[in-house]
Structures are given as C-alpha cells and as structure tokens.
2 protein chains.
Amino acid sequence: MSKCEQCIVRKFNSLKELTKDELIRITACKSSKNIKKGDVIFKEGDHLNGIFCIKDGVCKVSKMSDNGRNQIINLIQKGNILGERSLISDQTSNLTAIALSDMSVCFIPKEEIIRDLENNPNFTLDLLKTMANSLKNADNLVVGMAQKSVKQRLADTLLLLQKKFSTNSKGAINIQLSREDIANIIGTATESAIRLLSELKKKKIIGFVGKDITILDDKELEKIAQGF
Amino acid sequence: MSKCEQCIVRKFNSLKELTKDELIRITACKSSKNIKKGDVIFKEGDHLNGIFCIKDGVCKVSKMSDNGRNQIINLIQKGNILGERSLISDQTSNLTAIALSDMSVCFIPKEEIIRDLENNPNFTLDLLKTMANSLKNADNLVVGMAQKSVKQRLADTLLLLQKKFSTNSKGAINIQLSREDIANIIGTATESAIRLLSELKKKKIIGFVGKDITILDDKELEKIAQGF
DNA sequence: CGATTGCTTGACCCCCATCAATCCTCGTGG
DNA sequence: CCACGAGGATTGATGGGGGTCAAGCAATCG
C-alpha cells in the first residue's frame, strides 16, 4: 500500500497540514480504491464513514430535485477531497457522487479525521478556508442560476470548465461530459443545451467532435456570459 | 459597554466556544453599533476588518449579478454572525449586507478572531460545522434555483420564512419584506412575485395585508413547493 | 449485427420577463 | 390638517425563452 507521507496528491488539499506522524497513522488505516467510470461513490442518504482523497480521475457531485431532475453541483478532480462536508456536520450525505472517468482514490476513516480535526488546528483552519471558498463559489452559483439565462450559464460553464480542467494536446477541454451532464451542470433540459451548443458551433465560437469541446473564441464567449 | 461574557446572544453562534478569558479580551476591543433600517452594513468589494455579531434585528445578504439584478442569498437575524466568510478566506466581500430593520450589532476586529481561530480548536471546529451547514444550504439553494419553477420557489420561500422567523401574535410571518425583496429571494421579477402572491391569496392559501403575510394552508403550500 | 443508449433537430406552447398604466401608502412641507 | 409627491403595489398586455414531446440519426456494446 502506498504511503500518505510520500503522496504528492495531498499537497493540493488540507491534508498537507498534517504532521508526519499523523500521516503515518493515516497510511495504516486508509484503504485504496479503484473506481470505474459510471460507478456510484456514494449517494444521497448514505452515511459516510470517512472522506475520499482523489488520487486520479474525475467525478460529478449532484443532487436530485423534488421534480426528479438531476443537478450537478460540483466536479471533483485529482487532488481534491470528497465527502468532508457530511463528515464535519455528522449527517448523511445530501449529494450523490458518480465517477466520470476511472478513478483512483484513498478512503480515510472518519475517526482518524475527527481526531486530527480536534488536535491539529492548522488542519482544521485549512479545511475552514477551503470550505469558505466552496461557500463563496456556491453563493456565486446561486446568483448565476437565479439571474442568468441558459445561454449565459452555458457560456460561463464552458469557460469555467476550460479554466478548471485545461485543454488537451488538441486544444479540447480536458474532461469528458455527456450532453446530459452539461445540461445538468447549467440546469436545463438536455435538448436545450444541445441546441445552444450547436448554435455556438455554427457561429464558430466553439467546435466539438463527440465529447471533445474546443473553445475557439474566448472573447465572444465571455461577452455571451455577460449577456451580449 | 455591554460585556460579551454576559451576552446571551453569543450562545447561538460559534462564539459560545470561546473561553471566559477570550471573551473578556473581546469585550475590551469590540464596538457596538446601532444600524438603521435600510443602512448598508458592507457591500461587495469592501474589505472587512472583522465580523459582526447580531444582537438584534434582521439584514439581507445579497449579490449583484452581471445582468444588474439583485439576488438575496441569505437573511441574517439575531444570534447569527455576519462576515466570517470573507474574514476567513481573507478576501474582500463578494456580498452586500443591508439592514431590513433597525439593528443592534457588535463589531469584533479581525485580529482578535484570527487569534482565537489559531488558539482555540473548539471555536474553529464549531465555525467549521456552521460553515458546513451553510454550504449544505447553499447547495440545496442551487438545486432549487436551477430546477424549480418560480411558483415552487415562492412556496418554498414562504415556508422557509415561517420556519426561520416564526409568526407574530396575529399569525403573520415575523419579518418585513418588500415585494421586491421577496422577488429577489426567489430570483424573479417583482411583478411575477406579486402576481403569484395574489394568486395564492385568491386561493386562500395565504393571506396578506401590506407586508404582513400569513400562511393559511401549509399542506397546500407544501404541495405547490413539490410541484403540485 | 440487432439493440440499446446517446445525440440532434423540429414543432408546440406555457411560463415568465418586460413595458406600461394605475392605484395605494406614507412621509413631508405648507 | 391637508395637499402633494415619490416610491411601492397591482394589474394588463405582449413576446420570447426554454421545457416538453416526438421522431429520426449516430454510436456503442454485447
């Protein structure tokens, strides 16, 4: 089993604040998991007995609305931590996490994290900062959802995805999302998302082949995001 | 000046975790403020040099969208803390806070809070739990905004307001909101909110006189919130 | 090589944003 | 005490955005 104290991934999240001793203790009790594309990592109502540290891959975090439609709240990638919210507030998860690619993750049991939270102020404070940032993002998302048109939100989302996942060697945004996923991120019907994507392609603002999407005209996309 | 260690209000927020000594220190450096209805407490872009502990009154926390429209993100009342997010992530505020009633608040300087965050793990952990809860609420709000109709959101909001602010002696929801405020909470045009309120009144599901709104039929309102 | 799943486009129509006109309410000054 | 003005509340009319249903098309998989 790989050792946490030698793991590069932890440098990108709050686990970087743990001491060497704490990391050694966690190495002893963590478990590594390989998750296949499409697998459910946890779902709404599940009781999480720990957190996941993402070593590789991407997953979507979503929630079902009363209407029976799915809303993707967040995309989690390499270096991120997953499940800390439920753990901290000691509640069942109100979100569902599903792998968008094959993933490699470490599962750290709840008791270990709680112990570190109680004993290592640097760790807790870093987690607090991370969560404050998540909250800011969520607030901004609320405003966007409430006030922007679907077209604006699509533009926003494409720009954000490119920023977050960068581009591959061919210039395409480096994440594989179905049309339905895209629709569920911007909060609209799949057909609407498809229609708007086609429109953007026709205007040469983006290009796409299958799930590979390329932004051709950043400036124009930003204009659209701000409402022409 | 009133003393923090004798203040009842702090029992309702993370400040309850501070030790007696810490409270005495804060008493010495805090300042009390009386804020009038309509006053701006802070606005987007302001640098907050501390947090506010609400002793009495209510305020709205909102954000301007690119479209120039206002979205109310949260309502803060007696016992709550305001401004902790910006302080923790050490950024300018991306939200605006405006008093909805005359208010009485205490302002605690940033350095004092930071010191306590670094030295009192119970305080930090409690704040972390509070923020985890805020994040959960924000996530739910995102889903609601993205997936629910304006009518559903209005029903949701009315139920939530009653739950959060309770009712006065006449059975009306105990908060004074303009029609515009209500519209800005549910994320719609003022006229739309007014129209739907009228509709609900006609159906005897709610009643209102001026800004006093009374829920007459909880069950029916819940049905509407879930999409009939 | 069917068959299931995802993608795309068309048609329809309802919800809701917007503009406009009127009414109401309340604070202010004469 | 009343007149008056300003801002909020209400109702009507209108048009477009986007949700939904439906039907073809492409692609992926056993």
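In what follows, chains carry the letters A, B, and so on, assigned in the order in which the sequence lines appear, proteins first and then strands, with residues in each chain numbered from 1.
The separation between I186(B) atom CD1 and dC15(C) atom P is 15 Å, rounded to whole Å. Per the geometry, CD belonging to Q147(A) stands 18 Å off P belonging to dG17(D), to the nearest Å. The interatomic distance linking E199(A) (CD) with dG18(D) (P) rounds to 10 Å, in whole Å. A straight line from CG of N67(A) to P of dG19(D) spans 12 Å, rounded to a whole angstrom. Regarding K151(A), its NZ atom lies at a distance of 16 Å from the C1' atom of dA17(C), rounded to whole Å. One can place CG of L154(B) at 15 Å from C1' of dC15(C), the figure rounded to the nearest angstrom. A straight line from CG of D212(A) to C1' of dA27(D) spans 15 Å, rounded to a whole angstrom. When rounded to the nearest whole Å, the span between NZ of K148(B) and P of dC15(C) equals 17 Å.
With contacts defined as side-chain heavy-atom distances shorter than 4.5 Å, the pair D181(B)/I72(B) qualifies. Q91(B) places a side-chain heavy atom less than 4.5 Å from the side chain of R85(B).
Nucleic acid contact class of R153(A) (heavy atoms, under 4.0 Å, all strands): none.
Regarding contacts with the backbone of dG18(D), every side-chain N or O of T188(A) stays at 4.0 angstrom or more from both OP1 and OP2.
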(Q) One character per nucleotide, please: for nucleotides 5-10 of chain C, 5' to 3', B when the base has a protein heavy atom closer than 4.0 Å, S when only the sugar-phosphate does, - otherwise. (A) --SBBB
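Residues N137(A) and S134(A) have side chains that never bring a donor and an acceptor to within less than 3.5 angstrom of each other. A donor-acceptor contact under 3.5 angstrom links the side chains of Q176(A) and D212(A), judged on distance only. Between the side chains of N94(B) and N140(A), at least one donor N or O lies within less than 3.5 Å of an accepting N or O.
In this structure, the nucleotide among dA17(C), dG19(D), dG18(D) sitting nearest to the side chain of R69(A) is dG19(D).
No donor-acceptor pair under 3.5 Å is formed between the side chain of K33(A) and the backbone N or O of I41(A).
Shown are K151(B), K148(B), Q226(B); of these, the side chain to side chain donor-acceptor pair (under 3.5 Å) with D156(B) is made only by K148(B).
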